[in-house]
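Have a look at the structure below, then the notes.
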Amino acid sequence: MTLHPQTGVFGDWDGSIIAARSLQSELAQRVSLRDDFPEPQVLAGFDVGFEEDGAVTRAAVVLLDATTLQPIESHIARVATSMPYVPGLLSFRELPALMAALAMLTRTPELVFVDGQGIAHPRRLGIAAHFGVATGLPAIGVAKKVLAGRHDEPGPTPGDRAALMHRGEQIGWALRSKLRCNPLIVSPGHRISLDTAVGWVMRTLKGYRLPEPTRLADRIASRRGELATSVAAAIDKDSLF
DNA sequence: GCGACAG
DNA sequence: ATCTTGTCGC
């Protein structure tokens, strides 16, 4: 079994869930929950999907203006899938594609949103936290379901939230982002605090359940990439959004 | 032991 | 995640 030292991703996984879990615990120690990033100029949203019956992992990334939330550019990366889906080990399966998508950007975002958990994970290393540690970028995890922990039902009004608790500590927030919609599970990925993370999700909502970074990445990802990819798609973005 | 289990 | 139309409720 080989391991990529910088990202903590297995080059070829030997199927050892035990080894993967202990590696997560080690990487989790590098996660910072301190707010230490400048006022963002550009944000990025990432989403992962699969093609060819799971043989190909597809990552979509959208770069957007932090003030207007308008998309600037988008890309889709495809890599061969190297691991099966195992609850709790999601990042090892999806990280390679996320890294490939990040490499396609023409500029680096100051804050990234990833579809999935940040520290709201059994060992505090959901995909947003793993991605944050692997890239060093400030990251927020926005998931549609709970993986670890429990929470009370948040109030019905957008903005209402309830703490997500696990083993005596708060690991995230169940946030009502839209009326009559199930709450989002928001947790810090890296270099951001619990409160600042929800604050950014609130600040990037545009009337939909998902915040713009994640919502736009979801959109181009579900188009199966027929239209999008590379800079050409970014220039032609009016036909996409 | 039983149930839960991001995407 | 993915296969997929209509349909119920705001």
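Residue numbers begin at 1 in each chain, while the letters A, B, ... track the order of the sequences.
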Strand DNA chain C in bracket notation, Watson-Crick/G-U under 3.5 Å with | for pairs to another chain: ..........
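In DNA chain B, no run of at least 3 consecutive Watson-Crick or G-U pairs with both distances below 3.5 Å is found.
Side chain of A/S187 to backbone of A/G172: no donor-acceptor contact under 3.5 angstrom is found.
Cation-pi geometry between A/R78 and A/F50 is not satisfied (NZ or CZ under 6.0 Å from the ring centre, within 45° of the ring normal). The side-chain tip of A/R191 does not point at the ring of A/F37 from less than 6.0 angstrom away and within 45° of straight on.
Taking both residues in full, the closest heavy atoms of A/T196 and A/D35 are given as OG1-OD2, 2.8 Å, listed atom of the first, atom of the second, then distance.
Salt bridge absent: A/D47 and A/R219 never bring a charged side-chain N and a carboxylate O closer than 4.0 Å. With salt bridges taken as basic N to acidic carboxylate O contacts below 4.0 Å, none links A/R161 and A/E153.
Residues from residues 122-160 of chain A lying near DNA chain B, meaning a heavy-atom separation below 4.0 Å, are A/G126, A/I127, A/A143, A/K144, A/K145, A/V146, A/L147 in numerical order.
In this pair, A/F92 and A/F10 present their aromatic rings tilted. The plane angle is within the 30 to 60° band.
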Name the pairs: protein N/O against N/O of nucleotides 1-4 of chain B, kept only if under 3.5 Å.
none

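When the ring pair (Phe, Tyr, Trp, His ring centres under 6.0 Å) test is applied to A/H121, no partner is found at least two apart in sequence or on another chain.
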Per-nucleotide protein contact string for nucleotides 5-10 of chain C, where B marks a base within reach and S marks sugar-phosphate only (heavy atoms under 4.0 Å, - for neither): -----S
